[in-house]
Amino acid sequence: MDSAKLSPTKSGPVSNVGDNEEPYPSLSDYHDYEPNLEFDDSELQQTPNSGSISADFIHIESNGVMTMGTSPVAEFTDENYEEELADARDENFDSLIFTTSSYPEVGEDSASEQFSGIAKYNIVDVKGDDSVGRKVIVLYASRLPPAKEIDHGLLLNYLKYTLESYVKQDYSLIYFHYGLTSKNKPSLGWLVQAYKAFDRNYKKNLKSLYLIHPTSFLKFVSQIFRPLISAKFGKKINYLHSLKDLNEVVPINKLDIPSEVIEYDQKINGNLPIPSEVDSLSQPAIPTQQFGVTLEFIKENYHVTIPPVVKQCVEYLEQPDALETEGIFRRSANASKVRQLKEIANSGQILTFEDPHEAAVLLKKFLRELKEPLLTYALYDEIMQFQSWSKDEQLRNVSILVMEKLPEDNYKILKYIISFLSRVMERSDLNKMNAQNLAVVFGPNLVWSELVSMSLAAIGPINMFTHFLLQHHNQIFMI
């Protein structure tokens, strides 16, 4: 793989991320095959000072797990790794990374009990959608505890468990590197295990990997992983040197960025103003605007209950060819085209779509950018209690919540959208979108808190509530 593919990008806005990529990869294994290993012999030729790694400190245990030995490389940091690796060799390491395939399997215990010791650190989180409708997974190195206080095998299982609900749709991964030290960093052996544990099912729909505040450590790791990383996967890696750059991809006000990361960014980049989605949505609205306003505003100016952008998206997606599109609502669309469609909708003009993914992403984007979620702030706490309701209580409680506590216009719009989604489910044999898949996609776009940003702990109850709503829509809405 060309080393330029992993070179840090220049610091600056990345507003065109996704514009030039292939926006709708097929779900077919035949058409979207990505081999686990892609390399040629020339890439394994290292110059004497290329920063290769010695294999004499890497050991294979009886169960096949690779661990790091006593070499000083195992304790390298961003400051000393070049000196420590000056005389290293990599002849045996390459063979090890290609033959090591054993890693801890997910146990049979309940997830809440099995992963409670890992979840408390908030190392991984799920944060709604990015600018082109992809689910966002976030990893924070600064929240890793000292290595001796955490089971890294269990951490790997927890990461896999967290991603399992999202790997069937397009998603983005953000990694905040600041805060990784010699005390809390996992071994290189664990990193190799992790990369190989996340097989093609996890990598296929990962559309962008954003590495925030990259350092010499990440450059070193990219060299080590070059034989493992396919050319296709390498193109997904983006180095961002500031939070301002990240804000172009995901509004940072939606991320629970640790204070020490913010302070570090200010230290290296200065106190640069970082525009947020909240700032952009606070601009005075024009009468025809539909995105970033309230439902009351749209009704007052358009004199309809169902917002025109919702109706136009649904009417287009209800066509048989669109309704049967494999992966509808799970695939992203061209970023520049989505921005263009948003501007057209905000000008009050009729929308024209070139493919179903554009309409699907625009519908999700409209719901996500409402001033108040469709299921309202007032109902958030009750929805979060869904898991505590007994099966006998669920239908009654959800019906009361939707029929009696939801404002009338919100109810009509919700009924309109859920009725449409029920027709999507009817063709799940072709589009692969059953109630569970649709709940994962739509749940966080229907309800969120006014006081706190979306978190992994909140997404579970929200998705379960949405799943129940879809499964029992006939009883709840009396359709």
Side-chain angles (χ1 to χ4, degrees), residues 1-21 38 43 50-51 53 76-79 81-82 85 123-125 127 130-132 134 136-144 159 170-181 185-186 188 191-192 194-195 198 202-203 206-252 254-255 257-258 260-270 272 274-275 332 335:
M1 165 180 126
D2 190 346
S3 60
K5 292 174 182 174
L6 292 178
S7 299
T9 59
K10 294 181 179 179
S11 178
V14 289
S15 56
N16 292 326
V17 172
D19 287 3
N20 299 320
E21 70 181 48
E38 183 176 314
E43 291 184 338
S50 62
I53 183 170
F76 75 88
T77 65
D78 287 326
E79 291 74 24
Y81 86 93
E82 290 181 342
L85 297 177
I123 300 166
V124 57
D125 213 345
K127 292 295 183 185
D130 63 14
S131 60
V132 291
R134 303 168 185 156
V136 176
I137 313 295
V138 189
L139 297 173
Y140 306 94
S142 62
R143 292 178 178 171
L144 278 169
L159 293 176
D170 289 354
Y171 71 100
S172 297
L173 187 61
I174 299 175
Y175 167 63
F176 287 95
H177 180 61
Y178 179 77
L180 192 71
T181 69
K185 67 177 178 61
L188 285 178
L191 292 176
V192 173
Y195 184 83
F198 291 105
Y202 291 87
K203 299 168 191 170
L206 173 61
K207 297 307 173 184
S208 293
L209 169 58
Y210 298 100
L211 306 178
I212 314 303
H213 299 138
T215 64
S216 300
F217 171 82
L218 285 182
K219 299 172 188 176
F220 165 74
V221 170
S222 69
Q223 288 184 348
I224 293 300
F225 275 64
R226 282 174 61 191
L228 274 176
I229 299 175
S230 69
K232 186 173 182 179
F233 185 82
K235 293 178 181 178
K236 302 175 182 181
I237 300 176
N238 301 274
Y239 290 86
L240 301 182
H241 296 267
S242 72
L243 296 181
K244 184 177 180 181
D245 291 348
L246 176 61
N247 194 72
E248 298 290 337
V249 181
V250 180
I252 63 172
K254 291 187 174 182
L255 306 177
I257 303 177
E260 58 267 30
V261 174
I262 297 176
E263 292 172 1
Y264 174 75
D265 185 81
Q266 293 174 341
K267 179 180 178 180
I268 64 173
N269 296 308
L272 298 176
I274 303 174
S332 53

J.: Side chains of Y210 and V250: closer than 4.5 Å at any heavy-atom pair?
T.: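 With C-beta onward as the side chain, the pair stays apart.
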J.: Between S332 and D170, is any side-chain donor less than 3.5 angstrom from a side-chain acceptor?
T.: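 Checked: S332/D170 side chains pair up, N/O donor to acceptor below 3.5 Å.
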J.: Please determine, by modelled atom types, if Y239 and H241 share a side-chain donor-acceptor pair under 3.5 angstrom.
T.: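 Note: Y239 and H241 side chains miss the donor-acceptor criterion.
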J.: How many angstroms lie between atom CG of L173 and atom CG of L159, to the nearest 0.5 angstrom?
T.: 9.0 Å
J.: Return the minimal non-hydrogen interatomic distance between L243 and D265, and the atom names on each side.
T.: N-OD1, 2.9 Å
J.: By side-chain contact (heavy atoms from CB on, under 4.5 Å), which residues pair with Y264, not counting sequence neighbours?
T.: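 So Y264 forms a side-chain contact (heavy atoms from CB on, under 4.5 Å) with Y178, H213, I268.
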J.: Given side chains that start at C-beta, do those of Y140 and D125 come closer than 4.5 Å, heavy atoms only?
T.: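 With C-beta onward as the side chain, the pair touches.
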J.: Go through it in stages, so that I can follow the logic: the residues are S142 and V261, the test is side-chain contact (heavy atoms from CB on, under 4.5 Å), and I'd like the CA-CA distance, side-chain angles, deciding distance and then a yes or no.
T.: CA-CA 8 Å; S142 62; V261 174; 4.1 Å; yes
J.: Can you tell me how far apart CG (L211) and CG (N238) are? Round to the nearest 0.5 Å.
T.: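 Taking CG in L211 and CG in N238, the distance rounds to 8.0 Å.
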J.: Counting distance only, does the side-chain N/O of K236 pair as donor-acceptor with the main-chain N or O of L206 below 3.5 Å?
T.: yes
J.: Of all the heavy-atom pairs spanning N247 and I252, show the shortest one and how long it is.
T.: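 Answer, listing the atom of N247 first, then I252: OD1-N, 3.0 Å.
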J.: Measuring from H177:NE2 to K185:NZ, what's the distance to the nearest 0.5 Å?
T.: 11.0 Å
J.: Quick check for you: to the nearest 0.5 Å, what is the distance between L144 atom CG and I123 atom CD1?
T.: 4.5 Å
